[in-house]
Novice: 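Attaching a single structure in structure tokens format; questions to follow.
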Protein chains: 2
Amino acid sequence: MGGPAPKMVSDAESAPVFAKPPVTLREVAAAAGVSVATASKALNGQGRMTAETRERIRETARILGFRPNHLAQSLLRKRSFTVGLLTNDTYGRFSLPLMAGVSDALVDNGVSVFLCNVEDDHRLGQLHVEAMLDKRVDGIIATGKRIDRHLPVDLSNLRIPVVYAFTQPDPGAVGLVSDDAGGARLAVEHFRRLGRRRIAHVSGPASFEVVNTRADAYRAALQENNLPVSEPLLGAWSEGWGHEAVARLFGGGEERPDAVFCGNDQIARGVIDALRERGIAVPDDVGVIGFDNWEIVAEATRPPLTSVDMNLAALGREAGLALLSLVGGQPAAPGIRKLPCRLVVRQSCGSPPG
Amino acid sequence: MGGPAPKMVSDAESAPVFAKPPVTLREVAAAAGVSVATASKALNGQGRMTAETRERIRETARILGFRPNHLAQSLLRKRSFTVGLLTNDTYGRFSLPLMAGVSDALVDNGVSVFLCNVEDDHRLGQLHVEAMLDKRVDGIIATGKRIDRHLPVDLSNLRIPVVYAFTQPDPGAVGLVSDDAGGARLAVEHFRRLGRRRIAHVSGPASFEVVNTRADAYRAALQENNLPVSEPLLGAWSEGWGHEAVARLFGGGEERPDAVFCGNDQIARGVIDALRERGIAVPDDVGVIGFDNWEIVAEATRPPLTSVDMNLAALGREAGLALLSLVGGQPAAPGIRKLPCRLVVRQSCGSPPG
DNA sequence: GCGGGTTGGGAAAAGGTTTTCTCAAGTAGA
DNA sequence: TCTACTTGAGAAAACCTTTTCCCAACCCGC
């Protein structure tokens, strides 16, 4: 109690800097000795005034640390430079790269993103959409965890543009998805180039549209290349199913595959582990390709897994840009646009013979 | 060209519903035959008027589908009901549940969340923070991928409150992290209750603070229980390191552990696989516990992995609520608050003997 | 019938910015 | 010297809501 009072820091530096209100345009104008109208025009490069005046105002603004209030601007311009991102895959693996891509594309244009996780809850979805509408977002991007399911929200009669990415679009809307068929073809072609001839396909449940899309493309690609077509094995998206599929493919006496194209990386992981346990060498005896290119899985398999990457970040970018042009008044062609996949080659397929 | 023109849909239903401006309070007031002031008060339950008038205005608003413009409200109230969420872990595993928790806590209070991914780019971070400030967010939550690193942004002298969750807080700020020591203790105690006595610890690089925190707690818990303390094995966060650690622990002639507590689920996965390959049974011969409870990994190990869950969603919720009370003017106690972990029991530890 | 209190509702300012319009002064041409 | 432009800058409306007065009408008791 008796000691010297603690040294006081200068008021500007100390304690709750909160509530010190931001500098307004009015203050800048006053400091520069002009009207707010002139100040506004000076800072925006509008209107007519001497270069000297403009510069003086700008300098004043800079010194005062003036930053225009976007709320006021938005109110006037009827454009908030804000979009909503709706997803039901917050924990999942797909929406993340996608969100990063979206955010990426938009930030460069000064647009911020409201992230909204609606789970599979209709009420929550409605709540979020209304909140976004109230906040006057310029548009909405809807994304999810599978492309053959709707989000639990009705986005069809909003007064703002909506873009769907990696989720089922409403009819007549703009939708972006990965080209799964192309991805499957990429895998088959890669195997063919490496001289593999008996290529099996192990994928997820038939209830997923992508499973059928990829399976069809797989069959078509085999036929085009005059390779023997074997029926795809459809099961679950799990490692366990990969194990089981290997038991079926390599358990019997019939001719064994020398390549397995898997519907996702977890199945591929299961396949590779099961093959190893059977003493079948990857990639020497059998090549394996996964789907999704989930790095954490693909790089942990032994050997590291070659996988089809859906380019989700790019897809997100495209979605962001599409929404932007829609917001800008450009009429975008409705319908579903498919973006190409790419093959990320690691060591699970081996090198070309010779 | 000669055919009948396509049937026209009614104008209200058709084409670019865009740009049809939202209903304003003024219109509601006009329709109800009152002034905007009265209309505002009617809808907000303020002011004095006959119940009949109030009800009539409300009904009119309902019919017209009036929704107040939050931009205008925010401008006036100097409160945007919007917060920024800053992360450098967009692709990662930690920020997602955390973000969901934050978003969860805030949505219930009508607050929306701007998601900003700053990667490790200082410039990008600055950009985002300024954008958020310009948009007049009420506060900021900073989160990251490890608790001993700063985000590449300076949040220390903002005029709005900041809460740090799962990232290193600035001195004097409010920070929330998981109780890693407690989590480690949870694991050791669980092993002890199951009768395991020789408990090893395999973790990530010593350069991570959590590695040391957990290792210290592990040692302390062993000592408290009069169990033999063996030096933790520190390496990488990978499956590969799990394999290698097993080689070291079970390769030599010395006494082998009957339990392994791992620094994350990937290491644990590697440990379990390596044990199986050596013919050591899990959980019969050796129990294994992981950390993070990354379900997709924990449930794919054979047997499924018991793991320490950091309760990140709860942590996010707490962060959201803390920020909310800060924004509301409640002075929150600065400093780091640790939230308890929980053990998610699966089958990798076995049941109690007898 | 009249002062004082209550009741129902409106006018107007405020919030920060942009934009259109207006206006005074200056310049050029006749 | 007068007219016709141009130039530089300000006033004011607009965006939409909230809130603080303010005012008229009514009711009460005397």
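We name chains A, B, ... by the order of the sequence lines, and we start the count at 1 in each one. When reading the values below, keep in mind they use all heavy atoms of this one structure, side chains included, and skip hydrogens, waters and symmetry mates.
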Novice: Side-chain N or O of B:T50 less than 4.0 angstrom from OP1 or OP2 on C:dG9?
Specialist: yes
Novice: Any carboxylate oxygen within less than 4.0 angstrom of a Lys/Arg side-chain nitrogen, looking at B:R149 and B:D89?
Specialist: no
Novice: Just how far, in rounded Å, is P of C:dA14 from CG of A:N69?
Specialist: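 Answer to the nearest Å: 17 Å.
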Novice: Would you say A:N44 places a side-chain N or O within less than 4.0 Å of OP1 or OP2 belonging to C:dT18?
Specialist: yes
Novice: Return the nearest nucleotide to the side chain of A:S35; candidates are D:dG10, D:dT17, C:dG10.
Specialist: D:dG10
Novice: From the set D:dT19, D:dT17, D:dG8, return the single nucleotide nearest to any side-chain atom of B:A37.
Specialist: D:dT19
Novice: Looking only at side-chain N and O atoms, does A:Q73 come under 4.0 Å of OP1 or OP2 in C:dG16?
Specialist: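 False: A:Q73 side-chain N/O out of range (4.0 Å or more) of C:dG16 OP1/OP2.
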Novice: Tell me: CD of A:E52 to P of D:dT7, nearest whole Å?
Specialist: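 For the pair A:E52 CD and D:dT7 P, the rounded distance is 18 Å.
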Novice: Are B:R62 and B:E59 ion-paired here, with the side-chain N under 4.0 Å from a carboxylate O?
Specialist: yes
Novice: Measure from the side chain of A:L75, starting at C-beta and using heavy atoms only, and say which of C:dG8, D:dC16, C:dA11 lies closest.
Specialist: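 Comparing C:dG8, D:dC16, C:dA11 against the side chain of A:L75, the answer is D:dC16.
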Novice: So, for B:P152 and B:E119, which heavy atoms are closest and what is the spacing to 0.1 Å?
Specialist: CG-O, 3.9 Å
Novice: When the ring planes of B:F114 and A:F114 are compared, do they come out parallel, tilted or perpendicular, using 30° and 60° as the limits?
Specialist: parallel
Novice: Relative to the 5' end of DNA chain D, which residue comes earlier, B:L25 or A:R48, by the nucleotide with the nearest heavy atom?
Specialist: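 Nearest-nucleotide comparison on DNA chain D picks A:R48.
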Novice: Rounded to the nearest Å, what distance is computed from the CD atom of residue A:E27 to the P atom of nucleotide C:dG16?
Specialist: 8 Å
Novice: Can you work out whether B:R136 or B:L76 has the more 5'-proximal nearest nucleotide on DNA chain C?
Specialist: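 It is B:L76 whose nearest nucleotide is closer to the 5' end.
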Novice: Counting only side-chain heavy atoms from C-beta out, which of D:dT17, D:dA9, C:dT17 sits nearest to A:F66?
Specialist: C:dT17
Novice: Measure from the side chain of B:T53, starting at C-beta and using heavy atoms only, and say which of D:dT18, C:dG9, C:dT18 lies closest.
Specialist: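 Selected nucleotide: C:dG9.
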Novice: Expressed as a whole number of angstroms, how long is the span from B:R77:CZ to D:dT17:P?
Specialist: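 After rounding, the gap between these two atoms is 11 Å.
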Novice: Grab the NE2-P distance between B:H70 and D:dT17 for me, whole Å please.
Specialist: 10 Å
Novice: With a 3.5 Å cut-off and no angle check, do the side chains of A:K135 and A:T82 form a donor-acceptor pair?
Specialist: no
Novice: Using atom CD of A:E55 as one end and atom C1' of D:dG8 as the other, report the distance to the nearest whole Å.
Specialist: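 Whole-Å distance recorded here is 17 Å.
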Novice: What is the separation between atom CE on A:M49 and atom C1' on D:dG10, rounded to the nearest whole Å?
Specialist: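 The distance from CE of A:M49 to C1' of D:dG10 comes to 11 Å, rounded to the nearest Å.
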Novice: Would A:R77 and A:D138 pass as an ion pair if we require N to O under 4.0 Å?
Specialist: no
Novice: Looking at the side chain of B:K78, which of C:dT17, C:dG15, D:dA11 is the nearest nucleotide?
Specialist: C:dG15
Novice: For C:dT18, does either OP1 or OP2 sit under 4.0 Å from a side-chain N or O belonging to A:Q46?
Specialist: no
Novice: Whole angstroms only, please: what is the CZ-P distance between B:R54 and C:dG8?
Specialist: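 Value for this atom pair: 10 Å.
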Novice: Checking all strands, does B:S74 fall into the base, sugar-phosphate, or nothing category for heavy-atom contacts under 4.0 angstrom?
Specialist: nothing
Novice: Need one value for A:S40: base, sugar-phosphate or nothing, where a base atom within 4.0 Å counts as base even if backbone is also close, heavy atoms only.
Specialist: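 Contact class for A:S40: base.
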Novice: Ignoring hydrogens and angles, are the base of D:dG10 and the side chain of A:K41 linked by a donor-acceptor pair under 3.5 Å?
Specialist: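 Result: at least one qualifying N/O pair found.
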